[in-house]
2 protein chains.
Amino acid sequence: ACDDKGQMYMHVKAFEYMMKNNALACNVKFMIEGEEEVGSVNLGGFIKNNKERLKCDVVLLSDTSMISNEIPSVTVGLRGLAYVEVEVTGPSHDLHSGTYGGAVANPINALCEMIASLIDPKTRKITIPGFYDDVADLTPEEKKLMSEIPFEMEEYKQELKIKNTRGEEGYTVIEQASTRPTLDVNGIKGGYIGEGAKTVLPSKASAKISMRLVPNQKSEKIANLFADYFKSLAPDSVQVKVDFHHGGDPVVVPIDCDEYRAAAMAYEETFNRKPIPTRAGGSIPIVKLFEEELGIKSIMMGFGLDSDLIHSPNENFGIFNFLKGIETIPGFYKYYAQLKKAQKG
Amino acid sequence: ACDDKGQMYMHVKAFEYMMKNNALACNVKFMIEGEEEVGSVNLGGFIKNNKERLKCDVVLLSDTSMISNEIPSVTVGLRGLAYVEVEVTGPSHDLHSGTYGGAVANPINALCEMIASLIDPKTRKITIPGFYDDVADLTPEEKKLMSEIPFEMEEYKQELKIKNTRGEEGYTVIEQASTRPTLDVNGIKGGYIGEGAKTVLPSKASAKISMRLVPNQKSEKIANLFADYFKSLAPDSVQVKVDFHHGGDPVVVPIDCDEYRAAAMAYEETFNRKPIPTRAGGSIPIVKLFEEELGIKSIMMGFGLDSDLIHSPNENFGIFNFLKGIETIPGFYKYYAQLKKAQKG
């Protein structure tokens, strides 16, 4: 699978290759993190407590994708994340919807209304006051660079079997999905969800809601803005609880540095074309953690494709991509060592 | 439990008492229906196919409640029901909310918006076009009768642990919960609903929605109005399916007839006060079925209380109520036989 057992294993195989061929000109430390998809609750403490052990020049990680098998890319930006869980409580226990319906607030209806109020129906902008205050708009140059990434709307719609996209007004699909903040309900539940019908007016309803963040939004600030606004949306007939799951701040990696150059040279060698720097829509909180705790840049060399169905049933990872990763990774070590040596020399 | 094993068993015990004391002046046929809470899908066919066997003068049923143990009441009206299940589909499979979030429609967000649009946020009126066309407003006399039913707002709120009620503008709580139509989401689900967080942009979200109907709304007509309107609310980025579960038309029982009079006399005898005729918010489709298929009136002698937690964990039925039912039911048979005889004589 692409996210992330397959990509992790590329590094093991690349290391094996370099060791067998005596091709490694530097030391390598491995850190394999198994909790990234559930919020990495233990990682922050581990890094704080093992700064000396984790000391290094650069972090190389493969948890992203490329544009296509023909067009390699290096991820130079990630969205951050603020993940919350909300619970709306009406009456203290489930009620018969015939006896109480029409008079007593239904927490599912209330939750739906509150969720609906979080996004403007026309512009699809998030309505939380202050939400966009820190958002760094794309520069004209960045906008131009992004517009060069190949994108076929009809193919995109066909692949997802959708009639239309539904993003923020004034932005392209690529911009919407990587450089603009979002608010998505990742899960919702309330009342009777088995087969058939039950006429219950439930006591509670809850939803998992995540916001993807972009430079220079801060996860903690956004989670607090969300909580304040969401609570303010509640009618006085229900009670609202907002819990924070986890978050991560957005990241941008510069492209005018040896770390990026080494990666670009490695891709060029194996793909016969320069990679395009792209910004990914997902979040990898570890990148921000390494930067803040260890002062180290992370280079994101991903070999997956957006079509790998990650986080979905039948997630996969192409054999071409797996092998191309094993081929490309040693190039990064080679060029990075050369560039560092040249710099020192 | 009150709804309805306990109330059913009152009739068995009352029958046993009458047989032992030779107090029964008429024939009794029992029909025990075990599927009422799941839509009674087999009942319509059974009644149609057994008209001769079910022939009788009046149906007596206990599936309702009284005002209180001090104030008996006979239910003379029931709300109808139209129960639908809706499903909103976005992309053909679950997606990573980082890679696609912001561009691809989220079916949970869309479902919440659509549900929120079904009720006017200020007046709490249902917004489905044509929904109120057939609603029979209460006459001033009916309104006056209802206002005489004791109701303590503070007690009501305290019992349900709510700060406020949330009903249709311009109606009292008792009116809202028994004589006005409703729209309640009885269940909702979509995306990841387990413990913790998952950053999924789900393919589907669904909800069970029921509408309580009042005279003279028709269940089938309302279900169709709902389906048309709900589909019209969908953005072009999702697809919507509406399935019908079951329904029942609302019912009103006249109070100037021997059937009602016999019940009233029976209550008066055991409670030492005349019962108040009330309209219940729930639905008992069998009442309409008996009326339509067999041309028979149903008398609803209920002995439960609204505080019996029906359809909720710890549903109960008071021993006082159980015994009072056994005591009162034989009175109905006695007075009804007397009134019928007087009529014939």
Side-chain angles (χ1 to χ4, degrees), chain A residues 38-39 79 83 90-94 96-106 108-109 112-113 115-116 160-167 173 176-177 180 182 184-193 196-201 208 210 212 235-237 245-246 281-283 306 310-312, chain B residues 38-39 79 83 90-94 96-106 108-109 112-113 115-116 160-167 173 176-177 180 182 184-193 196-201 208 210 212 235-237 245-246 281-283 306 310-312:
Chain A
V38 289
R79 288 197 281 195
Y83 203 120
S92 58
H93 52 276
D94 287 2
H96 189 298
S97 72
T99 315
Y100 294 94
V104 176
N106 182 318
I108 305 180
N109 288 71
C112 289
E113 292 163 42
I115 288 172
L160 303 172
K161 300 207 174 49
I162 53 176
K163 265 208 216 140
N164 220 335
T165 58
R166 196 181 195 212
V173 165
Q176 286 165 351
R180 297 298 299 171
T182 69
D184 270 302
V185 184
N186 302 108
I188 192 166
K189 72 170 175 194
Y192 178 69
I193 55 176
K198 188 177 172 187
T199 48
V200 67
L201 195 169
K208 296 174 197 282
S210 68
R212 298 283 174 177
D236 66 354
S237 46
H245 268 297
H246 63 268
S283 314
D306 281 350
I310 67 171
H311 290 208
S312 185
Chain B
V38 290
R79 290 196 282 195
Y83 203 121
S92 58
H93 52 276
D94 287 2
H96 189 299
S97 72
T99 315
Y100 293 94
V104 175
N106 182 318
I108 305 180
N109 288 72
C112 289
E113 291 161 44
I115 287 172
L160 303 171
K161 298 205 176 49
I162 54 176
K163 264 207 218 141
N164 219 334
T165 58
R166 195 179 195 216
V173 165
Q176 286 164 351
R180 298 297 298 171
T182 68
D184 269 303
V185 184
N186 303 107
I188 192 165
K189 73 170 174 192
Y192 177 68
I193 55 175
K198 189 177 170 185
T199 48
V200 67
L201 196 168
K208 296 174 197 285
S210 68
R212 299 282 173 177
D236 67 352
S237 46
H245 268 297
H246 63 269
S283 313
D306 282 351
I310 67 171
H311 290 208
S312 185

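Everything numeric in this text was worked out from a predicted model, so none of it was measured.
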Revision key, fill the gap. So OG of A:Ser237 and NZ of B:Lys163: to nearest 0.5 Å the spacing works out to 10.0 Å
Check your understanding: So which of B:Gly191, B:Gly167, B:Ser92, B:Ala105 has the biggest tally of heavy-atom pairs under 4.5 Å with chain A?
Key -> B:Ser92
Practice item. Rounded to the nearest 0.5 Å, what's the gap from CD1 on B:Ile188 to CD1 on B:Ile193? Could you check? Key: 11.0 Å
Point to revise | Interface residue of largest heavy-atom contact number with chain B, from A:Gly281, A:Ala116, A:Gly102, A:Pro91, under 4.5 Å | key: A:Gly102
Check your understanding: Pick one: which of B:Asp184, B:Thr182, B:Asn186 meets side chain to side chain donor-acceptor pair (under 3.5 Å) with A:Asn106?
Key -> B:Asp184
Point to revise | Partner residues of B:Asp236 under the side-chain contact (heavy atoms from CB on, under 4.5 Å) criterion, sequence neighbours left out | key: A:Asn164
**Study point:** Side chain / backbone / both / neither for A:Arg180 at chain B, heavy atoms under 4.5 Å
**Key:** neither
**Study point:** Leading residue by heavy atom contact count with chain B [cutoff under 4.5 Å; candidates A:Lys161, A:Gln176, A:His246]
**Key:** A:Gln176
Review point. Nearest 0.5 Å, what's the CD-CD1 distance between B:Glu113 and A:Ile115?
Key: 10.0 Å
Check your understanding: Where does A:Lys198 contact chain B at under 4.5 Å (heavy atoms): side chain, backbone, both or neither?
Key -> both
Check your understanding: Could you give the distance from OH (B:Tyr192) to CD1 (B:Ile108), rounded to the nearest 0.5 Å?
Key -> 13.0 Å
Review point. Which one of B:Pro235, B:Gly90, B:Ser210 has the most heavy-atom pairs closer than 4.5 Å to chain A?
Key: B:Pro235
Exercise for review: Select one option (side chain, backbone, both, neither) describing which atoms of B:Tyr83 are under 4.5 Å from chain A's heavy atoms.
Suggested key: side chain
Check your understanding: Shortest non-hydrogen contact from A:His245 to B:Ala197?
Key -> CG-CB, 4.0 Å
Review point. Is it the backbone or the side chain of B:His96 that comes under 4.5 Å from a heavy atom of chain A, or both, or neither?
Key: both
Point to revise | Per-residue contact mode, B:Lys189 against chain A (heavy atom under 4.5 angstrom) | key: both
Check your understanding: Between B:Arg79 and chain A, which part of the residue has a heavy atom less than 4.5 Å away: side chain, backbone, both or neither?
Key -> side chain
